[in-house]
*Asks:* 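Quick one: the structure is below, and I'll ask about it shortly.
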Amino acid sequence: ENIKKYENRPEDFNERILKNWRRTVGRDDLVYHLGDAIFDRASELKGILESVPGTKILVRGGHDQRSYEWYMNKGFAAVMESVIVRVVMAITHKKDRKKKRVLLSHRPKITHGWVDYNIHGHRHRPKEERPAKKHYLLVLEEVGYKPVRLDRVFLEGTVVPSGLLT
């Protein structure tokens with residue numbers, strides 16, 4: 001309830017997230033949730049995760065205080081503190097396709113060049129200063145509560161929804 005008030009979210013924001021997830025994510029897709037998976041409705045998490053497609057990976061946030069096993073018993077296939085993925089980015093033409101190392105984390109991380117980008121959640125205001133140009137903040141409010149394909153983050157060069165990457 002606090003997040004609704006502080007971020008001026010609509011009353012039905014939870015329903016919007018789930019509806020958009022079902023429209024966007026396929027059964028065989030891999031979904032990275034960048035933390036703070038559930039707050040005051042922990043007893044509902046298993047049912048929520050079972051109701052949406054895809055294999056779900058939780059990158060733990062500051063409010064994800066339960067054990068890894070607890071989250072996996074609720075429906076996450078894996079739980080981690082952060083993860084580096086390789087993303088093939090279609091910039092404009094096939095000849096411009098490049099593989100990039102992308103760190104997925106809840107909080108922004110100082111990377112010292114060992115990854116190409118850091119996609120993170122945690123912050124809720126996209127206007128906040130980015131720690132570095134290679135950081136991309138995910139904000140639900142900025143994209144209509146919709147998941148975004150990981151390779152699209154860079155193409156669109158925009159803020160994408162917190163936690164919902166396919």
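Remember, predicted model here, so these are calculated numbers, not experimental data.
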*Asks:* Can you tell me if Asn118 uses its side chain to pair, donor with acceptor, with the backbone of Pro108 under 3.5 Å?
*Replies:*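 It does not hold such a pair.
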*Asks:* Same cluster for Val83 and Ile119 if Ile/Leu/Val/Met/Phe/Trp/Tyr side chains link at under 4.5 Å?
*Replies:*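 Same cluster: Val83 reaches Ile119 through Ile, Leu, Val, Met, Phe, Trp or Tyr contacts under 4.5 Å.
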*Asks:* What orientation do Tyr145 and Phe13 show, parallel under 30°, tilted 30 to 60°, or perpendicular over 60°?
*Replies:*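 It falls in the tilted class, 30° to 60°.
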*Asks:* Run the side chain to side chain contact (heavy atoms under 4.5 Å, CB included) test on Val52 and Val31 for me, step by step, so that the C-alpha distance in whole Å, both residues' side-chain angles and the decisive distance to 0.1 Å come before the verdict.
*Replies:* CA-CA 10 Å; Val52 291; Val31 178; over 6 Å; no
*Asks:* How close do Phe76 and Ile57 get, counting heavy atoms only, and between which atoms?
*Replies:*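 So the minimum-distance heavy-atom pair works out to CD2-C, 3.8 Å.
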*Asks:* How far does NZ of Lys74 sit from OG of Ser43, to the nearest 0.5 angstrom?
*Replies:*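 Here the interatomic distance stands at 8.0 Å.
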*Asks:* Just by distance, no angles: are the side chains of Arg149 and Thr24 close enough, under 3.5 Å, to form a donor-acceptor pair?
*Replies:*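 No.
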*Asks:* Report yes if the side chains of Lys56 and Trp21 come closer than 4.5 Å at any heavy-atom pair, otherwise no.
*Replies:*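 Yes - at least one pair of side-chain heavy atoms lies under 4.5 Å apart.
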*Asks:* Where is the tightest heavy-atom contact between Tyr71 and Leu45, given as atom of each residue plus distance?
*Replies:*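 For Tyr71 versus Leu45, the nearest heavy atoms are CD2-CD2, 4.1 Å.
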*Asks:* Assigning hydrophobic clusters by single linkage (Ile, Leu, Val, Met, Phe, Trp, Tyr; side-chain heavy-atom cutoff under 4.5 Å), is Ile84 placed with Leu30?
*Replies:*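 No; tracing contacts between hydrophobic side chains, which count when under 4.5 Å, never links both residues.
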*Asks:* Do side-chain atoms of Arg16 reach the backbone of Lys146 as a donor and acceptor pair under 3.5 angstrom?
*Replies:*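 Here the side-chain-to-backbone pair does not exist.
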*Asks:* Please check this pair: side chain of His106 against backbone of Leu34, looking for a donor-acceptor N/O pair closer than 3.5 Å.
*Replies:*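 Yes, the answer is positive, given that a donor and an acceptor are paired below the 3.5 Å cut-off.
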*Asks:* For residues Tyr68 and Val79, report the shortest heavy-atom separation together with the two atoms involved.
*Replies:*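 Of all heavy-atom pairs spanning Tyr68 and Val79, the closest is CE2-O, 3.2 Å.
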*Asks:* I'd like to know whether Leu58 forms a side chain to side chain contact (heavy atoms under 4.5 Å, CB included) with Met72, so could you lay out the CA-CA distance, the side-chain angles of the two residues, the decisive distance to 0.1 Å, and finally the verdict.
*Replies:* CA-CA 9 Å; Leu58 175 62; Met72 291 176 71; over 6 Å; no
*Asks:* Compare all side-chain heavy atoms of His120 with those of Lys109 and state whether any distance is below 4.5 angstrom.
*Replies:*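 Of all side-chain heavy-atom pairs linking Lys109 with His120, none is under 4.5 Å.
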*Asks:* Under 3.5 Å, side chain of Asp64 to main-chain N/O of Ala37, donor-acceptor pair present?
*Replies:*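 Indeed, once roles are kept as given, a pair shorter than 3.5 Å links the two residues.
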*Asks:* Check whether Arg60 reaches the backbone of Arg66 with its side chain - one donor and one acceptor, N or O, closer than 3.5 Å.
*Replies:*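 Yes: the side chain of Arg60 pairs with the backbone of Arg66.
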*Asks:* Apply side chain to side chain donor-acceptor pair (under 3.5 Å) to Glu15 and list each qualifying residue two or more places apart in sequence or on a separate chain.
*Replies:*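 Result, side chain to side chain donor-acceptor pair (under 3.5 Å) vs Glu15: none returned.
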*Asks:* Check for a donor-acceptor pair, side chain of Asp116 on one end and backbone N or O of Lys100 on the other, with a separation under 3.5 Å.
*Replies:*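 Not confirmed, Asp116 side chain does not pair with Lys100 backbone.
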*Asks:* Would a single hydrophobic cluster contain both Leu104 and Val115, if residues Ile, Leu, Val, Met, Phe, Trp and Tyr are joined by side-chain heavy-atom contacts under 4.5 Å?
*Replies:*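 Different clusters: Val115 never reaches Leu104 through Ile, Leu, Val, Met, Phe, Trp or Tyr contacts under 4.5 Å.
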*Asks:* Are Leu103 and Tyr117 connected into the same hydrophobic cluster when the rule is that any two of I, L, V, M, F, W, Y join if their side-chain heavy atoms are below 4.5 Å apart?
*Replies:*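 No: no chain of side-chain contacts under 4.5 Å links Tyr117 to Leu103.
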*Asks:* Taking only residues two or more places apart in sequence or in another chain, which ones pass salt bridge (charged side-chain N to carboxylate O under 4.0 Å, His left out) with Glu50?
*Replies:*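 So Glu50 forms a salt bridge (charged side-chain N to carboxylate O under 4.0 Å, His left out) with Lys46.
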*Asks:* Between Ser67 (side chain) and Trp70 (backbone), is there a donor-acceptor pair under 3.5 Å?
*Replies:*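 Such a contact is found between Ser67 side chain and Trp70 backbone.
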*Asks:* Work out which heavy atom in Asp36 is nearest to a heavy atom in His63; give both atom names and the distance.
*Replies:*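 Heavy-atom minimum between the residues: OD1-N, 2.9 Å.
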*Asks:* Does any non-hydrogen side-chain atom of Ser51 lie less than 4.5 Å from one of Arg22?
*Replies:*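 Side chain of Arg22 against side chain of Ser51, heavy atoms only: contact under 4.5 Å found.
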*Asks:* Quick one: are Tyr32 and Val85 in side-chain contact, heavy atoms under 4.5 Å?
*Replies:*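 Tyr32 vs Val85: side chains touch.
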*Asks:* Without hydrogens or angle criteria, can the side chains of Thr55 and Asp29 be said to hold a donor-acceptor pair below 3.5 Å?
*Replies:*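 Their side chains do not contain a donor-acceptor pair, so the 3.5 Å distance test is not met.
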*Asks:* If we ignore hydrogens and angles and just use 3.5 Å, is the side chain of Lys19 paired with the main-chain N or O of Ile17 as donor and acceptor?
*Replies:*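 Absent.
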*Asks:* Are the side chain of Asn20 and the backbone N or O of Pro147 linked by a donor-acceptor pair below 3.5 Å?
*Replies:*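 No: the side chain of Asn20 does not pair with the backbone of Pro147.
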